[in-house]
Amino acid sequence: MVSAKIDNMILKGIGVSAGIAIGQAKIADRARVAVVETTVKEHEIPFELDRLKTALEMARIELEGVKETISANGGDEHIHHIDTHLLLLQDAMLVEETSALIEKEGINAEGALKRTLHRLKSLFSGIEDEYLRERGADVETVVERILRNMVGQRHEPLTGLEGKVIVVAHDLSPSDILQMDKTKAIGFITEMGGKTSHTSILARAMEIPAVVGMERITGMVDGDVTIIIDGSTGTVILNPDQDTFRDYLRRKQHYEYVERELLKLKDLPAVTLDGFAMSLKANVEIVEEVPSVRRHGAEGIGLYRTEMLFFNRNNLPDEEEQFAAYAEIIRKMAPNPVTIRTLDVGGDKVLNDLNLGDEANPALGVRAIRLSLMQPQAFRTQLRAILRASAHGKTRVFFPMISGIDEVRRAKAIVEEVKQELRSEFIPFDEDILVGIMIEIPSAVIIADLLAREVDFFSVGTNDLIQYSLAIDRTNEHLSSLYEPLHPAVLRSLKMVVDAAHGAGIEACICGEMAGDPEYLPILLGLGFDELSMNAVSIPRVKNILRRCTRKEAEAVAARAMTYATAQEAESYLKSVIAARFSDSFD
Ligand code: PEP
Ligand code: MG
């Protein structure tokens, strides 16, 4: 344990939700339950099966109680997170496999459950995609809950907290976050998790500073420790000394001042000094993000990643469920548009019902639009749901990972067939819905002029475009220094895409992470992009720079940046421009 004597210990985790919080540690007892596997005699097997059944039932009752608490707190829109856990309680693999282990191997209930968990965990950890891999955390949370009930250790809810605390836990479930009193739990740190876990997404949606992936933190602190967390950088400081404490207090005040000041821009138009309007939109994954999207002044949603609806389950969401989800976001964002991306899974992101088996090269495998075209039934269901939802407000639809014309034509033909079907059933939809594509594969860049004739808009996915152009796995931490947004190949690609789009009279948008970095704004504006879509909290920062630039000077910056042979040179040029022109702006 870190005692009050060990000062100023600086640790680094993954910052998943921006903001600085300073408070006393509150250890949430979410440490793993210690389980001892023992063999049982044959006549004891029914008793062990019964223990499993009772623990499952208790977990169900607890989760129903959590649902009621959330509902009573007016959080109905969050209930689906708990439903995910309730569904897992009935998961055949979890329940039947554990029962079979008790019966066939003659081991106690907790030992059997732990073995099932290990098997499921290794299945999840073998998945390359970070997002899906983290779905394994949901299984673990549910199993921990069941185990606690088996060994008589209750899962204490994080309610009734005293003072302002930073919650420190091995892991926190979405229901823990939803039940927290945000005026008291001012931040959290977990050992588990990554940027795209449900818990992290909720933290961002609720704007609670958070750092995850901080291994062994629960063994390092007790309630006497003062903690500083910086959710932007992932920094955690235990028992800060006076200077550090003052420094972070100042940074916290500055961050909050900047947030307040920038939020004043919320209703101001996103226009340059010389009157060029650029649309600043938000990327979302769940409907819970909409309040934050609105608070930060987004002019709509430029990328709604629909994958969330499809994970954590054994079956695919049917048309009604998808329709309800899409229509809810569209209604909540009205009159601003919502751009819905069709399913971007496959390859390493395996869904039970859309599983095409193992692939040697998942990143280059059957994924995104390729999977949709190979499994047209599921694609049609999603398109029907999107089109029906389009009757409830301005909607655009677009396809991920387009590599050539044929895919676009085939996808559009299915859209037309689905439209015809809806017409014949007298079901309303927006006849003029805009249909676009993501540009994130180099072949799409090279034939952007041909693709532009086929669609209503382009949206560049710089995350994948950089990955595929530079052959750099975007999740490989050893290659992160080679992941260069200002690589001349990337800048030339971006220019080709904008020129092709404008040549055909369609809009060029960006929805990759590059769009949300204010430093890149002069280049993206100067290259001629019409729309940037980003994490909601980045919008005021990007808008602030936009409103202080002229388009003319941005064009000069972009042109100059494109003359450099290396990303480093372009980067240092850009830094000098930012320092000279915007150094007094908020950072
Ligand atoms: C991208 O690739 O830039 C993008 C926005 O899509 P995703 O991050 O979902 O792959
Ligand atoms: Mg992508």
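Nothing here was measured: the structure is a model prediction, and the numbers come from that model. Nothing fancy with the numbering, it's 1 onward along the sequence. Note: hydrogens, waters and symmetry copies are ignored here, and every other heavy atom, side chains too, is used.
Side-chain N or O atoms of T190 include none that pairs as donor or acceptor with a backbone N or O of A169 at under 3.5 Å. Within the 3.5 Å criterion, the main-chain N or O of C509 finds no donor-acceptor partner in the side chain of D530. A donor-acceptor contact shorter than 3.5 Å is absent between the side chain of E319 and the backbone of T381. No donor-acceptor pair under 3.5 Å is formed between the side chain of K266 and the backbone N or O of P540. Between the side chain of K543 and the backbone N or O of L280 there is no donor-acceptor pair closer than 3.5 Å. The closest donor-acceptor contact from the side chain of E407 to the backbone of G404 lies under 3.5 Å. At least one donor-acceptor pair under 3.5 Å links the side chain of N283 to the backbone N or O of C511. Side-chain N or O atoms of S390 include one that pairs as donor or acceptor with a backbone N or O of D430 at under 3.5 Å. Not a single donor-acceptor pair under 3.5 Å links the side chain of T272 to the backbone N or O of R547. Formation of a donor-acceptor pair under 3.5 Å by the Q322 side chain with backbone atoms of P317 is found in this model.
Counting heavy atoms from C-beta outward, M562 and L527 have side chains that approach closer than 4.5 Å. A heavy-atom distance below 4.5 Å is found between the side chains of V460 and F529. Contact of the L494 side chain with the L524 side chain is registered, since non-hydrogen atoms from C-beta on lie closer than 4.5 Å. Counting heavy atoms from C-beta outward, F188 and L172 have side chains that approach closer than 4.5 Å. Side-chain contact between R453 and I405 is absent, with no heavy atoms from C-beta onward closer than 4.5 Å. Residues M333 and K394 fail the side-chain proximity criterion, which asks for heavy atoms closer than 4.5 Å. Using a 4.5 Å heavy-atom threshold, the side chains of F276 and L546 count as separate. Between V445 and I439, some side-chain heavy-atom pair lies under the 4.5 Å cut-off.
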Item to complete: Begin with the C-alpha distance, continue with both residues' side-chain angles, and end with the deciding distance and a verdict on side-chain contact (heavy atoms from CB on, under 4.5 Å) for F399 and L373.
Response: CA-CA 11 Å; F399 312 121; L373 293 173; over 6 Å; no
Practice prompt. Given side-chain contact (heavy atoms from CB on, under 4.5 Å), test I441 with I402 step by step and report yes or no.
Written response: CA-CA 7 Å; I441 297 182; I402 290 289; over 6 Å; no
Practice prompt. In sequence, state the C-alpha distance, the side-chain angles, and the governing distance for E484 and Q568, and then conclude on side chain to side chain donor-acceptor pair (under 3.5 Å).
Written response: CA-CA 9 Å; E484 297 172 328; Q568 289 75 14; 3.0 Å; yes
Worksheet entry | Derivation of the side-chain contact (heavy atoms from CB on, under 4.5 Å) call for T339 and I301 | CA-CA 6 Å; T339 317; I301 288 174; 5.5 Å; no
Practice prompt. Test L486 against M514 for side-chain contact (heavy atoms from CB on, under 4.5 Å), laying out the working first.
Written response: CA-CA 10 Å; L486 298 183; M514 212 177 157; 4.3 Å; yes
Item to complete: Kindly determine whether K281 and S279 satisfy side chain to side chain donor-acceptor pair (under 3.5 Å), including the steps that lead there.
Response: CA-CA 6 Å; K281 295 195 170 76; S279 181; 2.9 Å; yes
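R548 forms no cation-pi arrangement with F582, by the criterion of a distance under 6.0 Å to the ring centre and an angle within 45° of the ring axis.
The CG atom of L451 lies 4.5 Å from the CD1 atom of I437; values are rounded to the nearest 0.5 Å. For the atom pair H296 NE2 and E207 CD, the distance stands at 4.5 Å (nearest 0.5 Å). Note that OG1 of T342 is 6.5 Å distant from CG of L383, once rounded to the nearest 0.5 Å. In this structure, E307 CD and D344 CG are separated by 5.0 Å, a value rounded to the nearest 0.5 Å. Rounded to the nearest 0.5 angstrom, F323 CZ and H392 NE2 are separated by 3.5 Å. Atom CG of residue D464 and atom CZ of residue R367 lie 5.5 Å apart, to the nearest 0.5 angstrom.
Among I433, L303, I330, the one residue that satisfies the side-chain contact (heavy atoms from CB on, under 4.5 Å) test with I340 is I330. Each of L525, L521, D517 was checked for a side-chain contact (heavy atoms from CB on, under 4.5 Å) with V542, and the lone residue meeting it is L521. Under the ring pair (Phe, Tyr, Trp, His ring centres under 6.0 Å) rule, F398 has a single partner from F457, Y304, F458, which is F457.
In terms of heavy atoms, R341 sits closest to P400 at CD-CB, 3.8 Å. Closest approach of I506 and V455 over heavy atoms only: CG2-O, 3.4 Å. Nearest heavy atoms, A270 versus E299: CB-OE2, 3.6 Å. The two residues A363 and Y468 make their nearest non-hydrogen contact at O-OH, 2.8 Å. P209 and G19 get closest at one heavy-atom pair: CB-O, 3.4 Å. Across Y520 and P485, no two heavy atoms sit closer than the pair OH-CG, 3.5 Å.
The pair R541-E259 meets the salt-bridge criterion, with a side-chain N (NZ, NE, NH1 or NH2) lying under 4.0 Å from an Asp/Glu carboxylate O.
Heavy-atom contacts from other residues, nucleotides or ligands closer than 6.0 Å to NZ of K495 number 12 or fewer. Counting heavy-atom neighbours within 6.0 Å of K12 NZ, excluding the residue itself, gives a total above 12. Sparse packing is recorded around CZ of R492, with 12 or fewer heavy atoms of other residues, nucleotides or ligands lying under 6.0 Å away. Summarising the local packing, CD of E215 is surrounded by 12 or fewer heavy atoms from other residues, nucleotides or ligands at distances under 6.0 Å.
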